[in-house]
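Take this structure, written in structure tokens, and hold onto it; I'll ask about it next.
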Amino acid sequence: MPTVVWLIAAVHLVVALAQTAVFPNARSPDERQQVDLVLQVAQGDAWPWPDPGTAFVTEGVDAGFFVPTDRLPERQHLADRDDVPARGERPSYADAGGATPLDGPVDEPVYNQLIQHPPLYYLLGGAVVSLIPGWADQPLDAVWMVLRWGNALLTAVLPILLFLTARRLGLASPLPVVAAATPLVVPELMHIESSVNNDNLLIVLFAAATYLVARVLTGDLRWRTGAALGAVTSLALLTKGFALLMPAWIVLAYVVAGVRERRRADAVRGLLVAGAASVPGALWWLRNKLEYGTIQPHGTHAEPPDLTAVYGWSDGGWDWLSRFAERMVTLFFVNDHDSSRSLDPSWWMARVALVVLLAGIAVALARRGLPRPAALVLLFPIPALAGIVARGSWEQFAAFGDTAAAQQGRYLFPGFVGLMVVAVAGAVALPVAWRRWLLPGLLALAVAMHAAFWHDVWTLYWLPADGIGGLWRAVEAIAFWYPFPPVLLGVVLVAGLVAAGFLVRWTVREAAAPAAPVEREKELVA
């Protein structure tokens, strides 16, 4: 593995860990419910897995955060607050009520809808929490942060899997390194990585599956590869329902590989092995069908709600579609945090990144940066995921007139590796010498993306009422709110700056080096 890839992985991890400080606890999608379910597993209340409509959010989880969990009505000016206890003196899960069901606004318990998902992520999280001595009596914001760090470490492998996938597909140097750096251009991905969310386990499993699919597409039809692909699929099926698209994806990969390699028998054998290895995960969904009469039961109701269509296209279909398209783009690259849909700097930078991404994909398909069938297989999860999300969102609109339900760009992250590798493959249209400037260009775009993203975040959360003049007070507030000693975060940030310095040095040196004779010859041929 080239040193530069390890540097990229280090910077990627440090940015994710930095976001654990910049975003207060519970300010990520469904994070309160995610943590709550992990804690219920740790104390034995959510295993065996609860039936639909029987799991509640507990009172104790409220000890772990100090800001609203849903959309924010205005800027928070957290640097001006003085009502947060000092580090180490903050309430514990037991202090705040423990496993007592949390009362909702209409005098009924607040249900935890996340039991609609399979249990693997929560079992792993519960195991982590169980390693903390007396966790229920420790300040819960610190326990929460342990889980956040665990998620960041889990997803630290993503740049490495991107590099391995691009190299396996035969992309010429330096394109595999460029592919490894693509997570840095998507701040929202790193926001999710820094939070407690079952998306993270699914993203990593899909990334591993993408690498194995790339092996299949490049002629690796051995039974061992099929077994590994099936095992990863099985784990993904035990993580989240989006994994239900994986069997169709695997079939497509083996069909394309069998035809291209003219080894149909080997492809059939590999496919059968992959299918057999994925059976354990598939059994969870069969169990749902047999026990509850549906593949994925509703989390908050014992009986699925009536989704009979009441509204049609003429009742606001265009509004639903325009909002869906906007949310899937914006909330893929960045996040507006307060659901205001403001046309702020990060919103505009998301459009810049989208144009770059689509241009790379279009050129890759037109100029065959990868064999076109292989590229389409790699891209398959993106439209499949978008279709699943669109169907669920439309059902909510048709039944209840809700034009905003389930519109989260993060739902496309499982297809991230294939999407980015194909986009990077579009660089085949560039002269060979120019490709060495791709990584500097990508890093410059990443800096611009994060500058816009973090400007919006600091403005919304931390800056005091007197604005940018209180920037140092905002830094002090972040250090005070952080449940771990600030020196730990400082060491991480210094290590990240050192890694970033070496990465920039390597990037500039490689880009500015004189073209090798082989490169000049390739340019002349092109």
Side-chain angles (χ1 to χ4, degrees), residues 14-32 65-84 141 144-145 148 152 183-195 197 323 326-327 329-354 404 407-410 444-483 486 489-490 492-493 496-497 500:
V14 168
V15 174
L17 291 176
Q19 291 210 37
T20 68
V22 175
F23 285 93
N25 286 356
R27 288 306 307 164
S28 297
D30 295 328
E31 193 175 26
R32 177 182 69 162
F65 59 92
F66 308 100
V67 289
T69 58
D70 295 320
R71 65 181 58 188
L72 301 176
E74 57 189 359
R75 294 180 179 180
Q76 296 298 288
H77 303 306
L78 298 182
D80 293 334
R81 282 181 57 177
D82 59 3
D83 59 336
V84 176
D141 66 328
W144 195 305
M145 193 56 62
R148 279 188 163 191
L184 301 176
V185 185
V186 187
E188 179 61 9
L189 171 65
M190 306 181 85
H191 172 210
I192 296 301
E193 292 173 348
S194 72
S195 69
N197 196 306
R323 182 184 176 100
E326 187 269 327
R327 294 284 82 184
V329 172
T330 303
L331 301 184
F332 180 90
F333 290 103
V334 294
N335 195 318
D336 62 10
H337 316 290
D338 57 354
S339 300
S340 65
R341 303 176 69 194
S342 302
L343 304 185
D344 50 29
S346 63
W347 190 96
W348 286 106
M349 286 306 302
R351 271 69 200 163
V352 172
L354 177 66
Q407 296 174 359
Q408 294 282 332
R410 65 187 171 92
L445 178 59
V447 169
M449 292 288 294
H450 282 276
F453 182 71
W454 285 39
H455 167 270
D456 295 343
V457 173
W458 282 65
T459 300
L460 178 63
Y461 288 111
W462 295 103
L463 286 181
D466 56 5
I468 196 69
L471 180 60
W472 181 248
R473 285 168 50 206
V475 173
E476 290 179 326
I478 290 176
F480 179 80
W481 282 53
Y482 204 60
L489 189 60
V492 168
L493 293 177
L497 288 173

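All residue numbers in this chain count up from 1 along the given sequence. Please read all numbers here as calculations on a predicted model, not as lab measurements.
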Side chains of His191 and Ser28: any donor to acceptor distance under 3.5 Å?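 Yes, because at least one side-chain N or O of Ser28 sits under 3.5 Å from a partner of the opposite role on His191.
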Next item on the list: Could you grab the distance from atom CG of Asn197 to atom CZ of Arg148, nearest 0.5 Å is fine?
Entry: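 Output value for this atom pair is 11.0 Å.
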Under a 4.5 Å cut-off applied to non-hydrogen side-chain atoms, are Arg351 and Thr330 in contact? yes
Residues at least two apart in sequence or cross-chain that pass side chain to side chain contact (heavy atoms under 4.5 Å, CB included) with Ala500, listed by chain then number, are Val11
**Q.** Side-chain donor or acceptor of Glu188 paired with backbone N/O of Phe333 under 3.5 Å
**A.**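 Such a contact is absent between Glu188 side chain and Phe333 backbone.
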Exercise for the section: Working to the nearest 0.5 Å, report the span between CD of Glu31 and OG1 of Thr69. Expected result: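 Rounded to the nearest 0.5 Å, the CD-OG1 separation comes out at 10.5 Å.
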### Interatomic spacing from CD in Glu193 to CG in Leu189 - rounded to 0.5 Å
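The distance works out to 4.0 Å.
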Query raised in the report: Considering all heavy atoms of both residues, which atom of Val84 and which atom of Phe480 are nearest to each other, and what is their separation?
Result: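 Where Val84 meets Phe480 most closely, the heavy atoms are O-CE2, 3.4 Å.
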One should read off an interatomic distance between Ser195 OG and Phe23 CZ, to the nearest 0.5 angstrom, of 9.5 Å
Applied to residues 461-474, the side-chain hydrogen bond (donor to acceptor under 3.5 Å, both in side chains) test, sequence neighbours excluded, yields Arg27-Tyr461, Asp80-Arg473, Asp466-Arg473, Trp472-Glu476
- Message: If you count every heavy atom of other residues, nucleotides or ligands that lies below 6.0 Å from Arg75 atom CZ, does the total exceed 12?
- Response: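 Incorrect, the count does not exceed 12.
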Dump the intermediate steps for side chain to side chain contact (heavy atoms under 4.5 Å, CB included) on Met190 and Phe453, then the final yes or no.
CA-CA 11 Å; Met190 306 181 85; Phe453 182 71; over 6 Å; no
Margin query: side chain to side chain contact (heavy atoms under 4.5 Å, CB included), that's the test. Do Arg81 and Val67 meet it? Break it down for me.
Written below: CA-CA 11 Å; Arg81 282 181 57 177; Val67 289; 4.0 Å; yes
Shortest non-hydrogen pair, Ala465 vs His77, comes out as N-ND1, 3.5 Å
Smallest heavy-atom separation, Pro464 atom then Ala474 atom, equals CD-CB, 4.5 Å
Check your understanding: What residues, two or more places apart in sequence or in another chain, satisfy ring-ring contact (aromatic ring centres under 6.0 Å, His included) together with Phe65?
Key ->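 ring-ring contact (aromatic ring centres under 6.0 Å, His included) list for Phe65, sorted by chain: Trp144.
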Hey, does the side chain of Arg327 reach the backbone of Gln407 with a donor-acceptor pair shorter than 3.5 angstrom? no
Inter-residue atom distance Leu331.CG - Trp347.CH2, 0.5 Å rounding: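 Result: 12.0 Å between the selected atoms.
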Indicate yes or no for a side-chain donor-acceptor contact from Gln76 to the backbone of Glu74 under 3.5 Å, with no hydrogens or angles considered.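 Yes.
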Step by step, work out the side chain to side chain contact (heavy atoms under 4.5 Å, CB included) result for Trp458 and Leu471. CA-CA 9 Å; Trp458 282 65; Leu471 180 60; 3.7 Å; yes
Donor-acceptor pair, side chain of His450 and main chain of Leu184, under 3.5 angstrom: yes
Here the gap from Asn335 atom CG to Arg410 atom CZ, rounded to the nearest 0.5 Å, amounts to 9.5 Å
Original post:
Side chains of Thr20 and Tyr482: closer than 4.5 Å at any heavy-atom pair?
Top reply: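 Yes, side chains in contact.
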